[in-house]
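See structure below.
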Amino acid sequence: MIKRIGILTGGGDAPGLNAVIRAVVLTAHNHYGWDVVGIREGFDGLISGVQLEALSPENVRDLLQRGGTVLGAVNRGNPLMRTIDLPDGTVEYVDVAEETVERIRELGLDAVIAAGGDGTMAIAQRLVNLGARIVGVPKTIDNDLNKTDVTFGFDTAILTATEALDKLQTTAESHHRVMVLEVMGRNAGWIALTAGVAGGADAILIPEIPFDIQVVCDKIESLRRDGRRYSLIVVAEGAAPIGGKPLYYIKGEGTSEGKLGGIGHMVGSMLAECTGVEVRVTVLGHLQRGGQPTPRDRWLATRFGSMAVHLVARQQWGKMVALQGNNLVAVPMSEAMQLKLVDTHGEMVETARDLGIVFG
Ligand code: F6P
């Protein structure tokens with residue numbers, strides 16, 4: 001018998017998370033008459049004992065269009081590897097998964113809805129294996145979660161990246177420059193590919209296709225021979241040259257992942273050297289994660305949030321909501337947390353190649 005459920009948002013934020021929270025609260029309240037509480041700071045909040053927040057239809061009223069997550073987001077706080085600071089200054093990692101499951105029970109939560117990416121789904125799956133009642137909602141601007149055609153946040157991110165390219169195009173044309181735009185995309189080049197084609201890029205460098213910079217130089221030179229004196233180059237943060245490795249501006253330490261960055265400037269220097277043309281580099285960074293979700297992301301987040309509540313009612317523990325075609329389905333979290341990469345010989349890449357776009 002379900003009466004009270006919790007919701008948490010794990011990992012980095014994405015536009016649309018607040019719309020999920022709103023849809024969960026409204027569906028739970030209107031359709032089932034359940035109470036919903038917000039768990040602040042993701043799984044970390046469960047184990048570090050932060051206060052739960054009662055969420056009523058009244059206090060989620062204005063959340064639809066608001067970016068970020070009102071529940072807070074942390075990229076640490078993995079209960080499978082909790083960091084304990086020891087008196088001698090060293091750290092120890094302990095698995096507190098069983099305590100986390102117990103804590104959910106102590107808090108009187110009949111089920112938890114976890115919105116997050118692959119890391120959140122991996123944690124949730126482990127807790128489900130230990131008896132927790134959790135369903136998942138897929139979130140990442142990178143759009144790299146398996147088993148769902150799309151994640152919310154992606155549409156907003158590609159709008160931001162496409163608008164950036166549109167703005168770079170006018171100044172590139174005026175100054176006859178090569179403009180390099182570095183976008184997010186840790187393992188997958190969905191943002192770079194989609195925004196790159198939409199924004200008229202001449203070259204798109206993605207993690208799935210190690211690049212040869214000479215191919216990009218040749219493209220820029222051939223455009224100039226044809227009278228096009230500017231070029232737009234999009235680089236995903238996780239892209240790397242053939243035989244090279246992705247660049248990090250913050251190294252990973254302990255349980256915290258390294259932070260990718262630097263490839264845009266590296267590509268910019270290489271292009272300046274091989275073409276002799278003036279190059280400028282823009283790193284779009286967290287602008288892609290911020291701001292109001294697009295109508296499409298609001299709608300997707302709303303459908304996901306509402307469906308997650310129905311999955312709780314059907315006791316579908318360990319399942320994640322997903323969009324396949326235009327249908328909402330429930331898929332095992334264990335399968336969803338695999339990476340969904342760009343198909344390097346698929347129709348999208350082939351279409352881009354047909355337009356003359358090079359991938360290095
Ligand atoms: O996974 C989403 C993502 O936006 C990646 O593209 C990026 O590498 C990472 O998050 C950045 O995380 P943080 O907010 O910790 O800098």
Side-chain angles (χ1 to χ4, degrees), residues 8-18 20 41-44 67-69 71-78 81 83 114-124 136-146 148 150-162 164 181-196 204-208 234-240 245-267 282-291 293-294 297 300-301 320 336-342:
L8 63 81
T9 57
D13 67 352
L17 272 173
N18 282 327
V20 172
E41 318 296 340
F43 285 110
D44 197 43
T69 163
L71 294 177
V74 281
N75 276 352
R76 42 168 222 287
N78 181 347
M81 273 181 94
T83 310
D118 53 344
T120 301
M121 294 309 141
I123 296 168
V137 174
K139 166 247 56 163
T140 163
I141 66 160
D142 289 0
N143 195 33
D144 59 0
L145 269 181
N146 206 8
T148 184
V150 69
T151 49
F152 65 85
F154 176 61
D155 192 58
T156 308
I158 58 174
L159 175 67
T160 303
T162 305
L181 178 68
E182 181 184 308
V183 297
M184 282 186 169
R186 167 172 285 274
N187 301 297
W190 295 108
I191 296 176
L193 174 61
T194 314
I204 300 174
L205 307 180
I206 59 176
E208 294 88 340
V234 182
V235 188
E237 61 182 355
K245 289 202 163 118
L247 294 182
Y248 287 84
Y249 74 100
I250 300 176
K251 286 208 174 1
E253 213 185 307
T255 56
S256 63
E257 274 183 335
K259 296 297 155 201
L260 287 164
I263 189 68
H265 284 283
M266 186 177 118
V267 165
T282 303
V283 179
L284 207 47
H286 291 78
L287 287 174
Q288 294 157 96
R289 289 234 304 256
T294 60
D297 274 340
L300 183 61
M320 183 192 84
M337 65 204 193
Q338 315 295 325
L339 280 175
K340 179 183 70 190
L341 299 179
V342 171

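Remember, it's 1-based here, ligands and their atoms both numbered in the order they're listed. For clarity, every value in this text was computed on a predicted model and none was experimentally measured.
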Is there a donor-acceptor contact under 3.5 Å from the side chain of Thr151 to the main chain of Ile141? no
Identity and separation of the nearest protein heavy atom to atom 16 (O) of ligand 1: His286 NE2, 2.9 Å
Quick one: does Gln288's side chain have a donor or acceptor within less than 3.5 Å of a partner on Met184's backbone? yes
Would the distance check show the side chain of Asn146 and the main-chain N or O of Lys340 forming a donor-acceptor pair, the cut-off being under 3.5 Å? no
Would you check if the side chain of Asp297 reaches a backbone N or O of Phe152 as a donor-acceptor pair within less than 3.5 Å? no
Give the residue and atom name of whichever protein heavy atom lies nearest to atom 8 (O) of ligand 1, and the separation in Å to one decimal. Glu237 OE2, 2.7 Å
Would you check whether Gly185 reaches within less than 4.0 Å of ligand 1, judged by its heavy atoms? yes
Smallest heavy-atom separation, Thr120 atom then Phe43 atom, equals CG2-CE1, 3.8 Å
What residue and atom, counting heavy atoms only, is the protein's closest point to atom 15 (O) of ligand 1, and at what distance? Asn75 ND2, 2.6 Å
Can you tell me the protein heavy atom closest to atom 10 (O) of ligand 1 and the distance? Arg289 NH1, 3.0 Å
Under 4.0 Å from one or more heavy atoms of Met184, ligand 1 contributes atoms 4 (O), 6 (O)
Answer yes or no: is there a donor N or O on one side and an acceptor on the other, between the side chain of Thr156 and the main chain of Thr294, under 3.5 Å? yes
Tell me the protein heavy atom at minimum distance from atom 2 (C) of ligand 1, and give that distance in Å. Asp142 OD2, 3.5 Å
